[in-house]
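To start, the structure itself, in structure tokens.
Since this is a predicted model, take the numbers as computed values, not measurements. Throughout, a chain's letter reflects where its sequence line sits, starting with A, and its residues are numbered from 1. Below, all heavy atoms of this structure are taken into account, side chains as well, without hydrogens, waters or symmetry copies.
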Amino acid sequence: MSATRDPRFAPRLAGACIDFAPEASCLEIQGLSLAYGDTPALEALSLRVPRHRVTAFIGPSGCGKSTLLRALNRLHDLNEEVVREGRILLDGQDIHAPEVSVAELRRRVGMVFQAPNPFPMSIYDNVAFGLRLQGRVSKRKRDDTVEWALRSAALWHEVKDRLQASAWSLSGGQQQRLVIARTLAVGPEVLLLDEPASALDPISTLKIEELIRNLKSTLTLVLVTHNMQQAARVSDYTAFLQGGELVEYGPTDTLFTNPRLRRTENYITGRMA
Amino acid sequence: MDITSDIHSQHISRQFNQELDELKTHLMAMGGLVEKQVQDAVAALLESDSDLGRRVVDNDRAVNDMQIKIDEECTQVLARRQPTASDLRLVLAVIRAASDLERIGDEASKIARNACELIDANNGTRGFVEVRLISEHVRRMVRDALTSFARLDTQLALQLVHEDEEVDNEYRSAMRSLMTFMMEDARAISPVLSLMWILRALERIGDHANNLAEYVVYLVKGLDIRHTDPDDLDEEELGPKG
């Protein structure tokens with residue numbers, strides 16, 4: 001990782017990104033550029049993610065939306081090819097500062113992936129996994145937290161009688177909610193969701209979307225999705241990325257009815273560029 | 001973002017292009033029919049042609065059928081395509097415009113019915129000057145509204161919003177002179193009331209043309225200018241396409 005300006009990055013494009021002043025921000029991305037080796041993925045991207053809101057990143061495949069999402073909890077750290085510059089602030093603190101522990105960052109900024117990935121253990125143990133890693137917690141406290149997390153993930157009523165059953169006995173939609181419960185159990189402030197419903201049937205998708213809506217009273221959520229209707233349904237703000245740059249960012253209400261730029265219009269209405 | 005007239009034909013899905021194209025074509029066909037209805041209704045009166053008047057009343061069914069067809073097509077596009085941005089605005093504007101065109105059709109048929117009554121009552125040409133003046137004005141408005149819809153021309157649409165005020169003034173002044181007729185001759189009350197209904201219908205047609213113009217601004221600019229005082233419209237924001 002390099003903190004100095006890397007010649008592989010294109011010069012910063014003034015005015016290329018339409019920013020606006022959303023509510024109090026939770027995450028602030030400042031001039032973030034990122035490349036996989038010689039291939040740039042994000043270029044001088046700046047964006048503020050408002051607290052306790054759902055922000056969606058949309059854009060064509062390869063536009064950098066997943067790369068950006070992963071950067072928010074430092075999932076690129078282990079990839080030596082990745083070159084980064086710019087800053088990401090969580091509550092005003094640089095997440096790459098030397099005093100920040102990656103494990104603690106990932107507790108605060110949880111991540112849910114496209115394919116549900118429950119661990120090969122019981123439903124209960126899946127949710128309690130993070131708590132056990134964190135150290136000694138009384139059984140009583142652990143039981144309470146597991147129940148709270150499963151309730152928060154809208155799964156409790158479906159699994160309360162079989163907490164010791166294997167997580168793999170659950171349906172895809174239930175597994176995804178279990179993974180969300182596992183993430184919630186460690187008390188994150190931000191939840192990153194990378195295509196959380198793309199492998200699910202319509203009913204399970206609606207349950208996940210309902211869950212996202214309910215969670216924003218206590219969490220800041222960032223959602224990456226290919227499904228524009230989903231972004232329109234659940235998000236408060238939408239950022240449209242293309243070719244590694246932020247094209248347009250604004251309230252979902254206006255972005256889907258009257259986008260400011262032709263590029264955005266073309267993408268969301270399915271027109272040729 | 002402003003849209004241009006070719007925007008609804010650039011989708012990756014050619015089928016979608018076709019569906020939106022058809023919406024516009026059918027709306028324009030309905031507009032053409034409604035325009036003709038207004039023209040014929042007024043001609044029935046001015047030329048004392050009660051056959052023409054009855055044809056206008058009969059033709060109203062065709063106008064209603066077109067509205068139902070357009071609504072159904074819009075429902076299909078909404079359900080199947082979940083349109084966004086300018087596509088969504090187009091579908092909404094077409095639904096609203098079809099509803100206003102249907103109301104213009106109703107007004108035309110009202111004019112035709114009253115014209116037939118006047119012809120039967122042998123009213124003569126009293127009030128024709130007023131009817132001719134206002135009818136020419138509102139027919140031009142309907143035509144311009146349809147043209148601005150077809151060309152996505154917000155400048156033309158905005159002119160109409162201002163013109164509606166003029167029609168309202170002409171209507172008030174015509175009402176005053178018709179009231180004088182009634183005061184002068186009590187036997188004239190019944191035919192003059194029919195004339196007043198006709199003028200009232202023409203004035204309403206102007207209002208509907210004005211609504212059509214507002215939908216054009218919504219479609220092109222994404223701005224809802226309904227219920228806005230025409231003098232408060234920000235000409236710069238609504239100005240030529242940027």
Original post:
Of the options B:L219, B:L27, B:V220, which is the one that meets B:L90 in a side chain to side chain contact (heavy atoms under 4.5 Å, CB included)?
Top reply: B:L219
Original post:
In terms of heavy-atom pairs under 4.5 Å, which option from B:P83, B:A85, B:S13 contacts chain A the most?
Top reply: B:A85
Original post:
Would you call the rings of A:F240 and A:Y267 parallel, tilted or perpendicular if under 30° counts as parallel and over 60° as perpendicular?
Top reply: parallel
Original post:
For B:I12, is it the side chain, the backbone, both, or neither that has a heavy atom closer than 4.5 Å to a heavy atom of chain A?
Top reply: both
**OP:** Considering only NZ, NE, NH1 and NH2 on the basic side and carboxylate oxygens on the acidic side, decide whether B:E35 and B:R139 come within less than 4.0 Å.
**Re:** no
Original post:
Taking B:N17, B:D87, B:L88 one by one, which has the highest count of heavy-atom pairs under 4.5 Å against chain A?
Top reply: B:D87
**OP:** Quick one: which of A:T269, A:L255, A:T264, A:I268 has the most heavy-atom pairs under 4.5 Å with chain B, could you say?
**Re:** A:T269
**OP:** Taking only Lys NZ, Arg NE, NH1 and NH2, and the carboxylate oxygens of Asp or Glu, determine whether B:R204 and B:D207 approach each other closer than 4.0 Å.
**Re:** yes
